There are 4 protein chains.
Amino acid sequence: MSREHDVAVEKSQRKPGRAEREAERRKSILRAAVDVFSRKGYQGCRIADVAREAGVAYGLVYHYFKNKDELLEDVFSSGWSGFLSRVQAGITRETSLEAQVRAVVQVAFEAYRRDPRGVKVLILEVGRSPAGGAVSRGSAFTHVVQLAAEMFRAAQARGELSSALDPVLCATSLFGVIEMALTSFVVGLLDRRDEQLIDRARDQVAETILRGLVGAGPSPAEAPWNRSVPKPKTARRD
Amino acid sequence: MSREHDVAVEKSQRKPGRAEREAERRKSILRAAVDVFSRKGYQGCRIADVAREAGVAYGLVYHYFKNKDELLEDVFSSGWSGFLSRVQAGITRETSLEAQVRAVVQVAFEAYRRDPRGVKVLILEVGRSPAGGAVSRGSAFTHVVQLAAEMFRAAQARGELSSALDPVLCATSLFGVIEMALTSFVVGLLDRRDEQLIDRARDQVAETILRGLVGAGPSPAEAPWNRSVPKPKTARRD
Amino acid sequence: MSREHDVAVEKSQRKPGRAEREAERRKSILRAAVDVFSRKGYQGCRIADVAREAGVAYGLVYHYFKNKDELLEDVFSSGWSGFLSRVQAGITRETSLEAQVRAVVQVAFEAYRRDPRGVKVLILEVGRSPAGGAVSRGSAFTHVVQLAAEMFRAAQARGELSSALDPVLCATSLFGVIEMALTSFVVGLLDRRDEQLIDRARDQVAETILRGLVGAGPSPAEAPWNRSVPKPKTARRD
Amino acid sequence: MSREHDVAVEKSQRKPGRAEREAERRKSILRAAVDVFSRKGYQGCRIADVAREAGVAYGLVYHYFKNKDELLEDVFSSGWSGFLSRVQAGITRETSLEAQVRAVVQVAFEAYRRDPRGVKVLILEVGRSPAGGAVSRGSAFTHVVQLAAEMFRAAQARGELSSALDPVLCATSLFGVIEMALTSFVVGLLDRRDEQLIDRARDQVAETILRGLVGAGPSPAEAPWNRSVPKPKTARRD
DNA sequence: GATGAATGAGTGTTCATTCAT
DNA sequence: GATGAATGAACACTCATTCAT
């Protein structure tokens with residue numbers, strides 16, 4: 001066919017080429033899985049839903065993924081690995097603990113802004129599938145925590161952090177604060193469409209984990225807090 | 001009911017009385033549900049499992065609970081209401097924010113010590129069933145957060161907390177730190193059998209949320225940290 | 001209940017009693033399975049067919065049988081064990097090899113007359129499922145053959161049979177002759193509705209295995225042979 | 001086609017020629033089908049298995065065979081037609097019934113020696129697919145039986161066989177004895193690797209069908225019988 | 001012709017729920 | 001109330017067949 005000769009030229013142009021189209025298909029199924037998954041959860045989602053969402057035939061899902069479990073496993077690992085590497089990059093890039101912590105927080109919130117659905121899936125399921133004997137999910141949680149714990153250990157070695165603190169608990173605290181804040185948006189406790197609120201949440205989270213709730217002097221800037229979604233309660237003044 | 005009055009008399013006697021026996025049955029089913037649930041998760045557990053665990057007949061579960069959802073709802077609410085009321089009591093009992101925060105942390109860790117399985121269920125499922133149109137579960141999370149948010153608002157009103165902070169985010173931070181620490185025990189990242197570790201975790205968590213990781217000077221007491229379960233890495237000295 | 005006391009009286013009367021009714025159900029499913037199985041074969045039959053044939057709900061089949069394989073296993077073994085024990089009885093009852101052989105042939109043909117469908121299933125499937133890792137089926141064939149081989153060995157010991165013959169091959173010959181004759185009826189090569197033909201077939205089969213086709217003088221009685229079903233061809237001259 | 005004319009020229013040259021290569025492909029698929037079929041059976045085998053075994057692409061099977069059924073049909077008929085013609089040749093070549101019977105037995109055992117897998121397929125499936133509305137398989141059985149029945153009829157006409165015997169039953173007896181003996185090897189009841197055993201089995205089978213088990217005096221030659229595979233039971237006294 | 005991705009109907013199995021005893 | 005047999009909808013997974021390249 002006359003198509004072969006100009007493959008090199010068109011490589012990243014139109015006419016995808018078989019391999020490329022397949023990779024594309026695979027990805028679209030993965031994306032669809034994230035969507036359905038974020039809506040219906042691990043157990044609630046049906047392969048049929050994923051196929052329909054991806055716009056492919058039922059059986060094709062099984063062409064690309066061995067079974068439902070593996071599909072979901074891939075959803076996790078693909079989303080998670082990106083997050084992990086960005087967290088790692090943030091930690092490596094910065095030199096002071098404070099900057100590192102802010103970087104981690106930033107990465108998490110940025111990930112949420114970019115792909116709320118993906119984050120929702122990760123938050124709602126990672127490390128929380130009881131049966132999840134599946135490798136990646138169970139250990140994903142462990143993995144980040146260890147990563148951050150290492151960061152805290154290094155800070156202790158540099159004298160930036162009291163060595164009286166358990167690095168693992170420091171790590172869980174960091175991710176606990178982040179995760180719960182994001183969860184608030186995910187479950188609608190805070191308004192996920194309010195981008196400024198997201199920014200402020202990010203800052204407050206970083207501040208809280210670094211200096212605590214009562215430890216630091218307040219920043220003077222006042223903000224119309226309590227814009228939680230459920231009931232837009234009238235702003236209270238103190 | 002005419003049965004109530006002699007409860008005191010028969011309390012620990014034979015012939016429990018029909019109503020009592022029924023209440024007992026109901027509770028044993030509920031307990032069994034918590035067990036199975038903590039082992040297999042919301043979706044993974046079958047009514048048959050619960051019945052077998054409780055030692056009752058298959059169909060009997062449906063005498064006491066309308067359906068599977070209601071059973072699980074009850075598991076949640078019964079476990080949750082106790083937690084909620086104890087949190088509320090702790091907040092009410094104390095007057096300073098700091099004492100209140102410590103009280104909340106204490107309640108959570110105490111609950112874990114008393115009933116790790118129950119806490120596991122709450123942690124792994126509360127607010128995390130995406131399909132969970134179920135009222136109580138979705139709102140359970142919201143409920144405590146609002147409770148704590150109110151506590152923080154009051155503290156702001158008393159001038160104990162910077163009014164620049166969003167009370168809702170303060171609340172999520174508090175529970176995020178607590179929850180993730182307990183999760184570490186639940187998933188085995190920290191050794192759940194090490195009772196001293198649990199105590200230290202409780203203290204560090206309270207300290208962290210109050211003063212932050214870098215904000216406060218270290219407590220002088222040294223502890224053999226890093227006793228995380230996976231690999232008992234060599235203790236570091238400061 | 002007033003039903004319990006007269007159970008002994010009514011034992012085989014109406015009012016089946018739970019256990020009895022269940023056994024009945026189980027049997028009816030088994031019977032239905034034989035039917036469907038004989039019509040569509042091992043792989044071709046669907047659980048839905050069996051359920052419909054038995055007049056029970058789909059899921060009930062799974063109440064009584066673990067899965068399709070076990071159901072079919074039971075179909076085999078239940079049918080086969082009856083046959084086996086009757087073969088054994090026939091062998092034990094008779095003392096001369098000749099009478100024993102006739103008894104075995106008689107048992108097989110009688111079984112066919114009684115339950116052609118059951119025999120069809122056994123003939124078409126026993127020892128013929130290639131994947132049949134299943135215990136009973138694979139070994140069922142082996143079992144009868146060994147049984148008959150033992151009979152022939154005993155006859156050799158008594159001097160009734162040449163010890164130059166391999167008992168196992170004697171046994172396969174016996175069942176081969178029987179089986180293929182019945183197969184002729186099963187597949188319609190011979191008219192399965194012609195009861196006299198069945199009787200003559202039985203006699204000829206016994207005669208053939210005992211004395212061979214050319215070894216014995218013919219019985220003087222002439223018979224209008226060649227009444228095969230497909231086309232009742234005009235009698236040929238002898 | 002313009003391709004045909006030069007086939008003769010290139011017949012045994014290099015460049016097999018398209019037509020030849022295709023015929024080759026077709027045959028290799030057929031061979032692969034026999035293999036897979038003999039291992040997994042009619043229903044248990046998948047087109048994918050056949051393609052893999054043949055070393056060709058999935059879809060190619062559908063170039064050469066309309067569908068799975070036709071493929072299997074061809075497996076049967078190709079294997080069967082060879083057997084049939086050899087049986088026919090044996091019958092035609094010989095003049096006495098006894099020699100003819102021995103020839104038929106010989107053909108069958110020779111076929112088994114040459115291609116045990118093919119024979120296994122024929123034995124396990126021919127005439128035994130209940131759903132097998134397929135023409136050739138159902139009738140294949142009928143066909144040989146009719147062929148042999150004709151042989152017996154002719155022998156009756158020549159006075160070599162009692163006309164009291166039903167020729168069709170004579171035929172089923174002949175093939176029954178043969179088939180069951182071969183089945184013993186196929187299922188492992190007799191050791192298929194013992195070539196001498198196969199030879200003796202052939203002889204005994206012929207002897208049995210001709211003179212019966214008790215009708216004929218034993219051949220003086222003694223043989224170490226009972227070498228069946230399962231348990232090499234201790235030799236019995238003669 | 002050759003390839004293997006794409007399709008989707010078919011079916012075994014599970015399990016919440018009902019109901020007769 | 002207690003029991004567990006009965007029901008059937010739901011869903012994961014298979015695989016023959018088609019078709020674009």
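In this text the structure is predicted, and so the values were computed from the model without any measurement.
- Rounded to whole Å, atom C1' of E:dC15 lies 13 Å from atom CD of A:Q43.
- When each of F:dA16, F:dA12, E:dA16 is scored by its nearest atom to the side-chain atoms of A:R46, the top-ranked nucleotide is F:dA12.
- Whole-Å rounding puts the D:I29 CD1 to E:dG1 P distance at 11 Å.
- When the side-chain nitrogen and oxygen atoms of C:Y58 are compared with OP1 and OP2 of F:dT7, none of them lie within a distance under 4.0 Å.
- Residue order along DNA chain F, read from the 5' end via each residue's closest nucleotide, puts B:G55 first among D:G44 and B:G55.
- Base-pair partner of F:dC19: E:dG4 (Watson-Crick or G-U wobble, both distances under 3.5 Å).
- At a threshold of 4.0 angstrom between heavy atoms, the contacts of A:L60 include nucleobase atoms, whether or not backbone atoms are also involved.
- The pair B:E24-B:R31 meets the salt-bridge criterion, with a side-chain N (NZ, NE, NH1 or NH2) lying under 4.0 Å from an Asp/Glu carboxylate O.
- To the nearest angstrom, C1' of E:dT3 lies 15 Å from CZ of D:R52.
- Under the salt bridge (charged side-chain N to carboxylate O under 4.0 Å, His left out) rule, D:D35 has a single partner from D:K40, D:R52, D:R117, which is D:R117.
- Comparing A:R25 and C:Y62 by the nucleotide of DNA chain E whose heavy atom lies nearest to each, the residue mapping closer to the 5' end is A:R25.
- Within the nucleic acid shown, D:F65 has no heavy atom closer than 4.0 Å to any nucleic acid atom.
- Rounded to whole Å, atom P of F:dA2 lies 13 Å from atom CZ of B:R26.
- When each of D:Y64 and B:C45 is assigned the nucleotide of DNA chain E bearing its nearest heavy atom, the one mapping closer to the 5' terminus is D:Y64.
- For C:R25 against C:Y64, the heavy-atom pair with the smallest separation is CB-OH, 3.8 Å.
- Using a cut-off of 4.0 Å between Lys/Arg side-chain N and Asp/Glu carboxylate O, D:E20 and D:K27 are scored as not salt-bridged.
- Distance, D:E20 CD to E:dG1 P: 17 Å, rounded to whole Å.
- Taking a cutoff of 4.0 Å between a charged side-chain nitrogen and a carboxylate oxygen, C:D49 and C:R39 do not qualify as a salt bridge.
- Nearest-nucleotide positions on DNA chain F place C:G59 closer to the 5' end than the other of A:G59 and C:G59.
- Distances were taken from every side-chain heavy atom of A:K68 (C-beta onward) to each of E:dG8, E:dA5, F:dC13; the shortest belongs to F:dC13.
- When rounded to the nearest whole Å, the span between CZ of A:R21 and P of E:dA6 equals 8 Å.
- Taking atom NZ of D:K40 as the reference point, atom P of F:dT14 lies 13 Å away to the nearest angstrom.
- For A:D69 and F:dC11, the CG to P distance is 16 Å, given to the nearest whole Å.
- For A:H63, a side-chain nitrogen or oxygen approaches OP1 or OP2 of E:dA5 to under 4.0 Å.
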